[in-house]
Amino acid sequence: MLFELDKTKCVRCRACIRDCAFGALKADADGFPFLQNEKACMRCQHCLAVCPKGAVTFDGFRPENSVATDGLELPSATAVENWLQVRRSVRRFREADVDPTTLDRILRILGNVPTGCNARALTFTCYPTRRATDAFRVRFIHAVEAHRDGTKLLPRWLAVPAIKLRQGKSDIFFRGAPGLLIISSDETNRAVTTPREDLAAACTYFEMLANAHGIATCWCGFLPLVQKEIPELHEKAAGLRRTTPFCAMLFGLPSVTYPRGVQRDAYARVVYA
């Protein structure tokens, strides 16, 4: 069952009914909530989260297995502000791979990334080691070289760095990172209404989680740009459909330390309407 109720715990407060954004829940003749319209249910699990007595089990997820908010240790507002101010995009990485247990923990928590209409249509394709990322680099180079042999000339901003990468001189695409994460959105899923926004949220969640574990990150903005010039790149290098929206993140242990943050507060253009 999608919605299960323990009537011995339910106090019929109707908190779950009031919090159901699409009106999928309704009270029966005795005042107990039930799922009246499964098609309207967006599977957000708000009913499970809002129940004060833990009476709701949703899609097999039992309330006692959720993280309880009462007494939960959370960062203060000042701590979050400080965290955002000292965050840096890192482009210098150590040779060592990231601890696989830590990386797996981070990736699994990404299931909590918010998505439009709770579509949850994100795929996290991870190249966790330098060996795996180097193999991706090779496929990337081959895709670029194969396209270069065609009739369309590559722009200089792409051709020159690609040649240097092939020659092992410099790597502005991947910055020598030992890890690569490609986050993609399923464009065939009709429930997906905000694919780009979902991807941006996922990248931000990954970045903050990784940094909290001492893992440096950098948004790999070149890959989407190259995709525009070489539509088949994503398919050849990552094995995904060429029409699939995606973002990419570089990660690894940092080889640089920043003793202080930068001063950007004045750059925020704030307009009160």
Practice prompt. State which residue, out of Thr217, Asn211, Val90, Thr133, fulfils the side chain to side chain contact (heavy atoms under 4.5 Å, CB included) condition with Phe251.
Written response: Thr217
Response to the item:
The single option from Leu5, Val50, Asp6 that satisfies side chain to side chain contact (heavy atoms under 4.5 Å, CB included) with Val56 is Leu5
If you group Ile, Leu, Val, Met, Phe, Trp and Tyr by side-chain heavy-atom gaps below 4.5 Å, do [X] and [Y] land in one group?
{"X": "Met42", "Y": "Phe61", "answer": "no"}
{"X": "Ile109", "Y": "Leu181", "answer": "yes"}
{"X": "Leu180", "Y": "Ile215", "answer": "no"}
{"X": "Met249", "Y": "Leu103", "answer": "yes"}

Item to complete: Mind running side chain to side chain contact (heavy atoms under 4.5 Å, CB included) on Phe3 and Glu38 for me, showing each step along the way?
Response: CA-CA 9 Å; Phe3 179 89; Glu38 184 172 332; over 6 Å; no
For a quick test of reading the model, state the closest non-hydrogen atom pair linking [X] to [Y] and the distance between them.
{"X": "Pro33", "Y": "Cys10", "answer": "CD-SG, 3.9 Å"}
{"X": "Ala248", "Y": "Leu223", "answer": "CB-CD1, 3.7 Å"}
{"X": "Pro254", "Y": "Arg94", "answer": "O-NE, 2.8 Å"}

Item to complete: Mark yes or no: Arg12 above the aromatic ring of Phe32, with NZ or CZ under 6.0 Å from the six-membered ring centre and no more than 45 degrees from the axis.
Response: yes
Do side-chain atoms of [X] reach the backbone of [Y] as a donor and acceptor pair under 3.5 angstrom?
{"X": "Arg91", "Y": "Phe174", "result": "no"}
{"X": "Asn189", "Y": "Ala121", "result": "no"}
{"X": "Arg18", "Y": "Cys13", "result": "yes"}
{"X": "Thr194", "Y": "Glu197", "result": "no"}

For residues [X] and [Y], determine if any side-chain heavy atom of one lies less than 4.5 Å from a side-chain heavy atom of the other.
{"X": "Gln227", "Y": "Arg242", "answer": "yes"}
{"X": "His46", "Y": "Cys16", "answer": "no"}
{"X": "Thr204", "Y": "Trp219", "answer": "yes"}

Worksheet entry | Pair Phe173 + Phe140: ring centers closer than 6.0 Å | yes
Worksheet item: So how far is it from Gln263 CD to Arg260 CZ, rounded to the nearest 0.5 Å?
Response: 10.0 Å
Worksheet item: In Å, rounded to the nearest 0.5 Å, how long is the span from CD1 of Ile182 to CG of Leu199?
Response: 11.5 Å
Discussion item. Using side chain to side chain contact (heavy atoms under 4.5 Å, CB included), reason through Asp19 and Cys47 one step at a time and then give a plain yes or no.
Written reply: CA-CA 7 Å; Asp19 206 49; Cys47 53; over 6 Å; no
Worksheet item: Checking salt bridge (Lys or Arg N to Asp or Glu O under 4.0 Å) for the pair Arg175/Asp171: CA distance, chi angles, key distance, verdict?
Response: CA-CA 5 Å; Arg175 302 292 180 179; Asp171 178 11; over 6 Å; no
Item to complete: Could you check Arg87 against Ser89 for side-chain hydrogen bond (donor to acceptor under 3.5 Å, both in side chains), going step by step and ending with a plain yes or no?
Response: CA-CA 7 Å; Arg87 183 214 65 84; Ser89 293; 3.3 Å; yes
Item to complete: Apply side chain to side chain contact (heavy atoms under 4.5 Å, CB included) to His213 and Asp99, showing your working.
Response: CA-CA 10 Å; His213 286 276; Asp99 175 64; over 6 Å; no
Item to complete: Using a cut-off of 6.0 Å, state whether more than 12 heavy atoms not belonging to Arg120 lie near its atom CZ.
Response: yes
Discussion item. Using the rule given for side chain to side chain contact (heavy atoms under 4.5 Å, CB included), can you reason through Val98 versus Thr129, listing the C-alpha separation, both sets of side-chain angles and the distance that settles it, and then say yes or no?
Written reply: CA-CA 7 Å; Val98 170; Thr129 63; over 6 Å; no
Worksheet item: Under 4.0 Å between a Lys/Arg side-chain N and an Asp/Glu carboxylate O for Glu187 and Arg241?
Response: yes
Worksheet entry | Pair Asp134 + Arg131: basic N to acidic O under 4.0 Å | no
